[in-house]
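Reviewing the structure listed below.
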Amino acid sequence: RYIISNTRPTYDDEIDLFQLFEVLWNGKEKIIATTFIAVLFGITLFFILPTSYKVSTPISQATQSIFLPYTSLNELLKRNKIDLQVNNERIFEMFIAEFNNYEEIIDVLSEDEYVKQSIEGLGEIDKQKALIEFGKLFKVREDLNVNGWHLSFEWHDVLEGERLLNIAIQNILINIQNIIKNDLIVMAMVIENRNKLKMEDLRKELSVAKKINTKLTKKQLKFLEEQSAIAKALNIKSNGLDSITLTQSIPNLVSFSVNSSSIPYYLRGHTAIDKELMLIKSRSQEESLAMFDEYSEIMENILLVESDISVAQIKFASKVIENDPPNNWVSLDLRLNDKKSNKNPVLYLALAIVLGGMIGTVYVLISNELLKRKKKVEK
């Protein structure tokens, strides 16, 4: 038989909240003392640890009036189908891209004494990693809430951070200036080479046109000589046709053929035909070519290429850009910045009180438990 007992076993490790409170109350002096020491330690840390500041300032596109001197250049680039514009929108896009690649920021930071001391003793790879981390403290971000862009940095010295940021911004703008200048020089070379190739093609077409004109002239002369001979054989000296019929009888100058008109050409009479022969033979080569439509069109295109001043204009614009200070190519005023310290004294104090209280509480509980065990051992 099994006897069921209703007596519950007792455990020594059951938590008695009243007893726990009593222990903590008896050790309140120790908890207060520990908390006080922690607060003193927190205050000491607050004044010893370096203070860093977060500074933010709005940045935007410069006004379009800044780039009015480049209006003609932009129109010229459009006419030549060149995907490059010197305006506030394009410059701002380039600025954001250049800022976010950290190159100029890192170059500036690598010369700063504070950064040099921070990375002293590191290997080359570790130095580069550290410089990149420093560079990431300088940011440009779009604020969707206000529909604008902001530059910001975190640094231990606000004035020094502003100085470094200013230098980096100037370097970025100078770099953009050089990129645009070099792009224009390249574009000028491209247009120049394009014009050279176009001119070569036109001169080849001109040579072909001269040959075609020579053949057509010979064909025309041959046709007229035959028609004159027929008119003489038929004793047709002068034209006997009315003006309308005469107009209809004029053959196509491109294709001289007896069948080019329903009315025979010799009916004009050999006097008129011989006169026409004499006039054609007396023409110089230039005069003969001037009568040829294809030749005139080619010569017109050659003159257009020869008179194209795009290359000179673009080269001149590159010089203008080179001499134009880019300081005002973006709109920025660091005097309007918003400065905040990353060290919050209230936060330091609160953390010190909480940590001090926790350490004091744990100390009191452990001390009490050790004292109880000691008494048990003595009994």
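We're numbering straight along the sequence, starting at 1.
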- Where does the angle between the aromatic ring planes of W149 and F92 fall among parallel (under 30°), tilted (30 to 60°) and perpendicular (over 60°)? perpendicular

- Within the distance-only criterion (no hydrogens, no angle test), does the side chain of D157 pair as donor or acceptor with the backbone N or O of L159 below 3.5 angstrom? yes

- Please tell me if the side chains of E111 and K116 come closer than 4.5 Å, counting only heavy atoms from C-beta onward. yes

- Task: Give a yes or no on whether a salt bridge exists between K232 and D274, defined as a side-chain N under 4.0 angstrom from a carboxylate O.
- Result: yes

- Task: Compute the ring centroids of F223 and Y265, then answer whether they are less than 6.0 Å apart.
- Result: yes

- Note on the structure: Heavy-atom nearest pair, A290 first then Y295, reads N-CD2, 4.2 Å

- Message: I'd like to know if the side chain of N175 pairs up with that of E98 as donor and acceptor (distance under 3.5 Å, no hydrogens or angles considered).
- Response: yes

- Query: Are L351 and I359 joined in one hydrophobic group, where the rule is that I, L, V, M, F, W and Y side chains link up if heavy atoms are under 4.5 Å apart?
  - Reply: no

- Query: When you check the side-chain N and O atoms of N213 and S288, is any donor under 3.5 Å from an acceptor?
  - Reply: yes

- L332 and T57 have their tightest heavy-atom pair at CD1-CG2, 3.5 Å

- Do the side chains of V190 and V305 join up, straight or via other hydrophobic residues, at under 4.5 Å, putting them in one cluster? no

- Message: Ignoring hydrogens, what is the shortest heavy-atom contact between L84 and R90? Give both atom names and the distance.
- Response: CA-NH1, 3.8 Å

- Spell out, as yes or no, whether a donor-acceptor pair under 3.5 Å connects the side chain of E287 to the backbone of S284. yes

- Query: Taking only residues two or more places apart in sequence or in another chain, which ones pass ring pair (Phe, Tyr, Trp, His ring centres under 6.0 Å) with F134?
  - Reply: W155

- Message: Please say yes or no: joined through hydrophobic side-chain contacts below 4.5 Å, possibly via intermediate residues, are V140 and I179 part of one cluster?
- Response: yes

